[in-house]
Amino acid sequence: MKSLLWWQKGMIGFVFGVLMFLYLPIVMLVLFSFNDSSVTSFPLAGFTWRWYQAVLANEQMLRALGNSLIVASAATAITLSLGTLAALALDRYDFPGKGLFQNAILLPLSLPGLVTGIAMLNFYKQLGIPQSLTAVVIGHATALLGVVVSQVMARLAKLDARQAEASADLGAGPFETFRRVTLPAIRPAILGAGLLSFTLSFDEIPVTYFLTGREITLPIYIYSTLRRGITPEINAIGALIVAASIGLIILSVGLLRDRK
């Protein structure tokens, strides 16, 4: 019993060490974003908000931020629309090649972003689609389609089919049944998947790198700026991204949690 207790303490210490290794760099990034010095090193020179003010005064960075918000919003809207319809079709109907179709939708989730980006670039060139933010939106929506399909299908699997049957018995048509029965049941999954898709699209680099043109997104801007070294402005915008991403992920997890 005593040895088991030491084993448990050892496992807790190991997990705590792994978490510290993963999240301590993020904590340091946030700390340096308030450092009253342009040198990223300890000890901190003092507390300041001027690097956040510099971010707000950087027009190129703000333009890249706006592009990221546009791309993430458009890609999320597309992937939610197509993903929800695909999930409903996979849940309700049997058709030839259904298994292949489902695996094809989920395939981008298992492929490295580098492979997906190169494949999309070659395919778009064959179709004559130029590198632009529009191409990035299509690429993100395609890559994130599996997120929505998997989440909505998981919720549909828990839906009692007798509710839809009861709705039909009471005279409701297919659309009315979907609006009053199915949609309220899968709404948390749709919202949660949408928030998660927005976060993943906003932070995406490999696919964006190959598909974007002259207009760049914020992650690409940060990546190009880091070649000249880490600046306090990068720390500040990074801290803002971390805060926004954590908020969206927490909200998506809450919406995806089962409700009794």
Side-chain angles (χ1 to χ4, degrees), residues 60-91 93 95-154 190 192-228 234 237-238 241 244-245 248-249 252:
Q60 188 176 4
M61 183 180 291
L62 292 178
R63 189 183 307 111
L65 174 61
N67 290 337
S68 290
L69 293 174
I70 292 173
V71 168
S73 299
T76 300
I78 294 173
T79 195
L80 280 181
S81 302
L82 298 180
T84 302
L85 293 175
L88 290 171
L90 290 171
D91 180 74
Y93 305 108
F95 51 87
K98 177 179 178 179
L100 179 62
F101 177 71
Q102 184 173 353
N103 291 330
I105 290 178
L106 300 178
L107 182 61
L109 295 178
S110 59
L111 287 177
L114 182 66
V115 175
T116 303
I118 295 175
M120 289 183 176
L121 176 62
N122 291 330
F123 181 67
Y124 289 175
K125 283 186 175 180
Q126 300 302 319
L127 296 179
I129 300 176
Q131 292 173 285
S132 62
L133 290 181
T134 302
V136 175
V137 170
I138 300 173
H140 286 195
T142 303
L144 297 174
L145 193 62
V147 174
V148 178
V149 172
S150 60
Q151 297 294 346
V152 175
M153 284 192 65
I190 294 176
L195 291 173
L196 184 57
S197 298
F198 182 90
T199 302
L200 294 174
S201 175
F202 187 88
D203 294 339
E204 169 63 37
I205 290 181
V207 174
T208 306
Y209 180 82
F210 287 101
L211 299 182
T212 190
R214 295 181 179 179
E215 292 292 331
I216 61 174
T217 60
L218 184 60
I220 300 299
Y221 173 84
I222 294 175
Y223 175 75
S224 61
T225 303
L226 286 177
R227 297 177 181 177
R228 301 189 296 269
I234 297 300
I237 193 66
I241 293 174
S245 298
L248 289 176
I249 290 174
S252 67

Residues 113-128 side chain polar contacts: donor-acceptor under 3.5 Å, at least two apart:
unit_1, atom_1, unit_2, atom_2, d
T116, OG1, P112, O, 3.3
N122, ND2, I118, O, 3.3

How long is the gap from [atom1] on [X] to [atom2] on [Y], to the nearest 0.5 Å?
| X | Y | atom1 | atom2 | answer |
| --- | --- | --- | --- | --- |
| T199 | I241 | OG1 | CD1 | 11.5 Å |
| L195 | L200 | CG | CG | 11.0 Å |
| I129 | L211 | CD1 | CG | 9.5 Å |

Has T212 got a side-chain atom pairing as donor or acceptor with Y209's backbone, closer than 3.5 angstrom?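 Such a contact is absent between T212 side chain and Y209 backbone.
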
Does any N or O in the side chain of Q131 come within less than 3.5 Å of the main-chain N or O of F210, such that one atom is a donor and the other an acceptor?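 The answer is yes, because a donor-acceptor pair under 3.5 Å joins these two groups.
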
Residue pair S197 / H140, side-chain donor-acceptor N/O under 3.5 Å: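 Looking only at side-chain atoms, H140 and S197 do not form any donor-acceptor pair under 3.5 Å.
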
Donor-acceptor pairs are to be reported for all side-chain atoms of residues 64-83 against protein atoms at under 3.5 Å, with residues two or more places apart or in another chain.
unit_1, atom_1, unit_2, atom_2, d
N67, ND2, R63, O, 3.4
N67, ND2, E215, OE1, 3.0
N67, ND2, I216, O, 2.9
S68, OG, A64, O, 3.3
S68, OG, L218, N, 2.7
S73, OG, L69, O, 2.7
T76, OG1, A72, O, 2.6
T76, OG1, F198, N, 3.4
T79, OG1, L144, O, 3.4
T79, OG1, L145, N, 3.4
S81, OG, A77, O, 2.9

From the options L88, T84, L90, V148, select the one residue that forms a side chain to side chain contact (heavy atoms under 4.5 Å, CB included) with M153.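 Exactly one candidate clears the test, L90.
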
